[in-house]
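Not measured: the values here are computed from a predicted model.
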Amino acid sequence: VERGGGSTLEIFRDIRDSVDGADRIVTYSEVVKWETLVGRLQVPPQKVSVVRHAPSVLNSWVDVSGFEDNDAVSVAYCRKLLLSALYRSGVPELQDFANGEVRYLFYASQFRPNKNVIGLLKAYEYLLRDRLIQHKLVLTGDAEINSEIGQFIEAHGLMLDVVCASGLTMEELAACYKLADLAVCPTLSEGGCPFTFTEALSVGTPVIMSRIPVALEILEMDSLEHAMFFDPYDWRDMADKIEWALEHREGLLSLQLPVYGELCRRTWSDVVDDHVEILATLGRDRPSVGN
């Protein structure tokens, strides 16, 4: 399999060589440390430090002030941004989006196999055809580049229901999140924090996510377990959770906002400080010249 000019095996070997040659390794997750680095790659645990990410937030890109109704102005601005992104992507029926008549689900992700876009499309088609939801699905990848996703959309007649808007600016991304009824993250593997959770909630949109170890490490709490997580390998479970979340949108949002607030207590300055401390420790542990 060719990816980025080299085979997957070659990339794995490069990563393995980097891991083997490192004096210290920093990762964002205890799961990655213990299951991947220590468990699979046999890295001594004392060589691995965990520095959790700070939240990724988007509200500053679309927040406005100085108006009688700041939220209404922000929504109008977001509709303008969304319309611009969709026009650039060649999406039809733009007037409905401009008027705010289109309700949609949103998944911000590149089209990679681990992002599980096909699983989401299966769940969405079922909801659209069998459960008769009125929402479109807005994605941020390019279906013309990913043949599997493009072929699925065409084969199942979803060309007018699944909207692909790629190459978004930060303002447009924030607008897509803010105007969505629900953000969905069906990924099979993910980075830290997790970012989809904080990006969506920073603009007031609830989110449901895959039940995967990296997400549970940060968000494993009784109040969220049954409300927002689904099995990413079971598209029916995903569909059921989407339908439930749409019917209980405000309740889900009220559960998630306090958790979002707690996560926001950690800043990127904290992340930098943690890395600086690791570098300082590395310097203290290194033998001096002549010893």
Side-chain angles (χ1 to χ4, degrees), residues 62 75-113 115-169 171-187 196 199-200 203-210 230 232 234-247 249:
V62 292
V75 168
Y77 176 53
C78 286
R79 286 177 181 160
K80 180 180 178 180
L81 289 168
L82 175 62
L83 198 64
S84 174
L86 298 182
Y87 177 80
R88 193 174 62 249
S89 299
V91 176
E93 300 183 15
L94 295 183
Q95 191 58 43
D96 289 340
F97 278 98
N99 295 335
E101 297 175 359
V102 173
R103 302 174 67 184
Y104 63 90
L105 313 172
F106 183 57
Y107 180 31
S109 173
Q110 297 181 2
F111 287 171
R112 296 172 178 167
K115 298 303 183 178
N116 197 24
V117 176
I118 293 296
L120 176 58
L121 288 172
K122 290 178 180 179
Y124 174 71
E125 185 196 18
Y126 166 75
L127 290 169
L128 185 71
R129 303 275 161 72
D130 290 63
R131 304 301 298 170
L132 304 180
I133 68 165
Q134 301 299 308
H135 292 69
K136 290 186 183 293
L137 173 62
V138 177
L139 306 173
T140 60
D142 189 341
E144 293 184 1
I145 293 177
N146 189 298
S147 59
E148 181 185 16
I149 292 172
Q151 289 169 8
F152 186 99
I153 292 171
E154 185 173 353
H156 294 82
L158 297 173
M159 292 81 72
L160 298 180
D161 300 296
V162 177
V163 176
C164 295
S166 59
L168 301 182
T169 65
E171 293 93 337
E172 291 166 348
L173 178 64
C176 287
Y177 268 115
K178 185 176 179 68
L179 297 178
D181 275 0
L182 180 70
V184 183
C185 183
T187 183
T196 299
E199 287 174 349
V203 292
T205 298
V207 57
I208 60 171
M209 302 185 65
S210 301
F230 55 81
D234 183 350
W235 65 261
R236 287 296 296 265
D237 188 40
M238 191 190 313
D240 290 344
K241 188 61 65 177
I242 291 172
E243 186 172 24
W244 181 91
L246 290 174
E247 293 173 353
R249 185 181 189 276

Q: Look at atom CZ of Arg129 and say whether more than 12 heavy atoms of other residues, nucleotides or ligands are closer to it than 6.0 Å.
A: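 Result for CZ/Arg129: enclosed.
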Which heavy atom of [X] sits nearest a heavy atom of [Y], and at what distance?
{"X": "Ala175", "Y": "Cys78", "answer": "CB-O, 3.5 Å"}
{"X": "Ala143", "Y": "Ile153", "answer": "CB-CD1, 4.3 Å"}
{"X": "Leu86", "Y": "Ala165", "answer": "CD2-CB, 3.9 Å"}
{"X": "Tyr124", "Y": "His135", "answer": "OH-O, 2.7 Å"}
{"X": "Ser109", "Y": "Thr140", "answer": "N-OG1, 2.8 Å"}

Just how far is it from atom [atom1] of [X] to atom [atom2] of [Y], taken to the nearest 0.5 Å?
{"X": "Phe152", "Y": "Glu125", "atom1": "CZ", "atom2": "CD", "result": "5.0 Å"}
{"X": "Arg79", "Y": "Leu179", "atom1": "CZ", "atom2": "CG", "result": "6.5 Å"}
{"X": "Ile133", "Y": "Glu247", "atom1": "CD1", "atom2": "CD", "result": "10.5 Å"}
{"X": "Asp161", "Y": "Leu121", "atom1": "CG", "atom2": "CG", "result": "11.0 Å"}

Is any side-chain heavy atom of [Y] closer than 4.5 Å to one of [X]?
{"X": "Glu171", "Y": "Tyr77", "result": "yes"}
{"X": "Leu137", "Y": "Val163", "result": "no"}
{"X": "Leu82", "Y": "Glu172", "result": "no"}
{"X": "Leu158", "Y": "Leu128", "result": "yes"}
{"X": "Leu168", "Y": "Cys176", "result": "yes"}

Could you check whether any side-chain N or O of [X] sits under 3.5 Å from a backbone N or O of [Y], counting only pairs where one atom can act as donor and the other as acceptor?
{"X": "Ser210", "Y": "Pro186", "result": "yes"}
{"X": "Tyr177", "Y": "Phe106", "result": "no"}
{"X": "Arg88", "Y": "Gly167", "result": "yes"}
{"X": "Gln134", "Y": "Leu132", "result": "yes"}
{"X": "Ser89", "Y": "Ala85", "result": "yes"}
{"X": "Arg103", "Y": "Ala180", "result": "no"}

Q: Apply ring-ring contact (aromatic ring centres under 6.0 Å, His included) to Tyr104 and list each qualifying residue two or more places apart in sequence or on a separate chain.
A: none
Q: Please report the C-alpha distance between Tyr107 and Lys115 in whole Å, then the side-chain angles of each, then the deciding distance to 0.1 Å, and finally whether the side chain to side chain contact (heavy atoms under 4.5 Å, CB included) criterion is met.
A: CA-CA 10 Å; Tyr107 180 31; Lys115 298 303 183 178; 3.4 Å; yes
Q) Would Leu139 and Val117 satisfy side chain to side chain contact (heavy atoms under 4.5 Å, CB included), going step by step from the backbone distance to the final call? A) CA-CA 9 Å; Leu139 306 173; Val117 176; 4.0 Å; yes
side-chain contact (heavy atoms from CB on, under 4.5 Å) with [X]: which residues, sequence neighbours excluded?
{"X": "Asp240", "answer": "none"}
{"X": "Gln151", "answer": "Ser147"}
{"X": "Ser166", "answer": "Asp142"}

(Q) Among residues at least two apart in sequence or on other chains, which ones pass salt bridge (charged side-chain N to carboxylate O under 4.0 Å, His left out) with Arg236? (A) none
Q | With Asp237 via salt bridge (charged side-chain N to carboxylate O under 4.0 Å, His left out) - residues at least two apart | A |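 Applying salt bridge (charged side-chain N to carboxylate O under 4.0 Å, His left out) to Asp237 gives none.
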Q. Knowing that exactly one of Thr196, Asn116, Ile208 qualifies, which makes a side chain to side chain contact (heavy atoms under 4.5 Å, CB included) with Cys185?
A. Thr196
Q: Could you give me the CA-CA distance, side-chain angles and deciding distance for Leu105 and Ile242, then say whether side chain to side chain contact (heavy atoms under 4.5 Å, CB included) is met?
A: CA-CA 9 Å; Leu105 313 172; Ile242 291 172; 3.9 Å; yes
Q: For Leu182 and Arg249, run side chain to side chain contact (heavy atoms under 4.5 Å, CB included): C-alpha distance rounded to whole Å, both residues' side-chain angles, the deciding distance at 0.1 Å, then the answer.
A: CA-CA 8 Å; Leu182 180 70; Arg249 185 181 189 276; 5.8 Å; no
